[in-house]
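Take a look at the structure set out below.
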Amino acid sequence: MDGTNGSTQTHFILLGFSDRPHLERILFVVILIAYLLTLVGNTTIILVSRLDPHLHTPMYFFLTHLSFLDLSFTTSSIPQLLYNLRGRDKTISYTGCAIQLFLFLGLGGVECLLLAVMAYDRFVAICKPLHYMVIMNPRLCRGLVSVAWGCGVANSLAMSPVTLRLPRCGRHEVDHFLCEMPALIRMACVSTVAVEGTAFVLAVGVVLSPLVFILLSYSCIVRAVLQIRSASGRQKAVSTCGSHLTVVSLFYGNIIYMYMQPGASSSQDQGKFLTLFYNIVTPLLNPLIYTLRNREVKGALGRLLLGKRELGKE
């Protein structure tokens, strides 16, 4: 058996959608447009949240981090995908693959935990409104974000080296458009039961535990909303949480399906399109969801644009 593994391998070949050349050309145009819109949308959310004093609240502090995560998440793989879709060269260096895997696992884990933090923020805002600013003080907000980042990075540090060190017996073709854990596990020429078991346990901690916390938080929120007597107050509470719930549904729906069955049990073609969805579609939709459903963000955008116009007139 050839012992070629990650320690001697210099590159991988990302097969992606190379078996469908006509689809590649269409995907290149669609993904390029979506990526540019993602950059513009999430950058706008970050700038608006930072520049408008009305948005200097815990909710928009977390939203800024979510937008930054989405920018980093897509940028970790989409430029490489666009490069591979454009020509015949599908290679990626071993170092590039390792960085891509580390960022993808790390940022994905951080986003799961950050969505749980945002659910807690909404829980305090709805269920304990009089104590909201006392509980969600700047120190706690920074601490919660730091924990999310720390746990996400720790998860990636645990799984990335293990996945990359799996013996591949000379195989270097990755049946995916990025160096993703399930695709790399499928390349192994040894039993991957232990690695898949470890991935499952970590997924329970990083993916499922935050989801359970989110569901529990929203069960409390629903009970609190039902106790609100005024229709306007109830509508405001629902609109406040609606954007976050939509984002949670989009993100978790795909990532749970993918990472709770990391090995050969998941369909390869199905996995590619699901990964493409949460890698480009979800980050693209997040700014639209928060902008279109949120009067505060729309108001902040209006104030910034009007301010620039007035400066231009002067």
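This chain uses plain numbering: 1 for the first residue, then up along the sequence.
No donor-acceptor distance shorter than 3.5 angstrom exists from the side chain of Lys90 to the backbone of Leu15, with no hydrogens or angles considered. Not one N or O on the side chain of Arg168 forms a donor-acceptor pair closer than 3.5 Å with the backbone of Cys189. Side-chain N or O atoms of His244 include none that pairs as donor or acceptor with a backbone N or O of Met118 at under 3.5 Å. Distance alone, capped at 3.5 Å, places no donor-acceptor pair between the Asp121 side chain and the Pro58 backbone. When atom types are taken as modelled, the side chain of Asn42 and the backbone of Leu39 share no donor-acceptor pair closer than 3.5 angstrom. The main-chain N or O of Ser72 is never found under 3.5 Å from a side-chain atom of Thr75 such that the two would form a donor-acceptor pair. Looking at Ser209, its side chain does come within 3.5 Å of a backbone N or O of Val204 through a donor-acceptor pair.
Here the side chains of Tyr60 and His56 are not in contact, with every heavy-atom distance at 4.5 Å or above. Within the 4.5 Å cutoff, side-chain heavy atoms of Ile135 are placed close to those of Tyr120. Between Thr282 and Asp70 the shortest side-chain heavy-atom distance does not fall below 4.5 Å. Thr43 has its side chain within reach of Leu47: a pair of non-hydrogen atoms, C-beta onward, lies under 4.5 Å apart. In this structure, the side chains of Phe61 and Ser49 stay at 4.5 Å or more apart for every pair of heavy atoms. In this structure, His131 and Val124 have side chains that are not in contact, with every pair of non-hydrogen atoms separated by 4.5 Å or more. Between Val195 and Met159 the shortest side-chain heavy-atom distance falls below 4.5 Å.
Qualifying ring-ring contact (aromatic ring centres under 6.0 Å, His included) partners for Tyr132, counting only residues two or more places apart in sequence or in other chains: none.
Scanning both residues, Val174 and Met187, for their nearest heavy atoms gives CG2-SD, 3.5 Å. In terms of heavy atoms, His176 sits closest to Arg186 at CD2-NH2, 4.5 Å. Contact detail for Leu216 and Ser219: the closest heavy-atom pair is O-OG, 2.5 Å.
Here CZ of Arg122 is found 11.0 Å from SG of Cys127. Values are rounded to the nearest 0.5 Å. One distance of note links CG of Asp89 with CG of Leu14; it measures 10.0 Å at 0.5 Å rounding. A distance of 6.0 Å separates CG in Leu178 from CG in Asn279, rounded to the nearest 0.5 Å.
When Phe277, Tyr278, Phe273 are each tested for a side chain to side chain contact (heavy atoms under 4.5 Å, CB included) with Thr275, only one passes: Tyr278.
No continuous path of hydrophobic side-chain contacts links Val222 to Val248 [ILVMFWY only; heavy atoms under 4.5 Å]. Hydrophobic clustering keeps Leu81 apart from Tyr83 (ILVMFWY residues linked when any side-chain heavy atoms are closer than 4.5 Å, directly or through intermediates). Residues Val247 and Val48 share a single hydrophobic cluster, defined by chaining ILVMFWY side chains whose heavy atoms lie under 4.5 Å apart. Val117 and Leu245 end up in the same hydrophobic cluster when Ile, Leu, Val, Met, Phe, Trp and Tyr side chains are linked at under 4.5 Å. Linking Ile, Leu, Val, Met, Phe, Trp and Tyr residues whenever their side-chain heavy atoms come within less than 4.5 Å places Phe213 and Leu215 in a single cluster.
Comment: Lys272 does not engage Glu180 in a salt bridge, judged by the lack of any side-chain N to carboxylate O separation of less than 4.0 angstrom.
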Show me the donor-acceptor pairs within less than 3.5 Å that the side chains of residues 98-112 make with the rest of the protein, sequence neighbours left out.
residue	atom	partner	partner atom	Å
Gln100	OE1	Cys179	N	2.7
Gln100	NE2	Ser76	O	3.4

Could you list the donor-acceptor pairs under 3.5 angstrom formed by side chains in residues 139-154, with sequence neighbours left out?
residue	atom	partner	partner atom	Å
Ser146	OG	Arg142	O	2.8

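Counted within 6.0 Å of CZ on Phe28, heavy atoms from surrounding residues, nucleotides or ligands total more than 12; the atom is thus considered enclosed.
The aromatic rings of Phe12 and Tyr94 lie parallel to each other, their planes meeting at an angle below 30°, with 60° marking the opposite boundary. Ring geometry for Phe177 versus Phe17: interplanar angle under 30°, hence parallel rather than tilted (30 to 60°).
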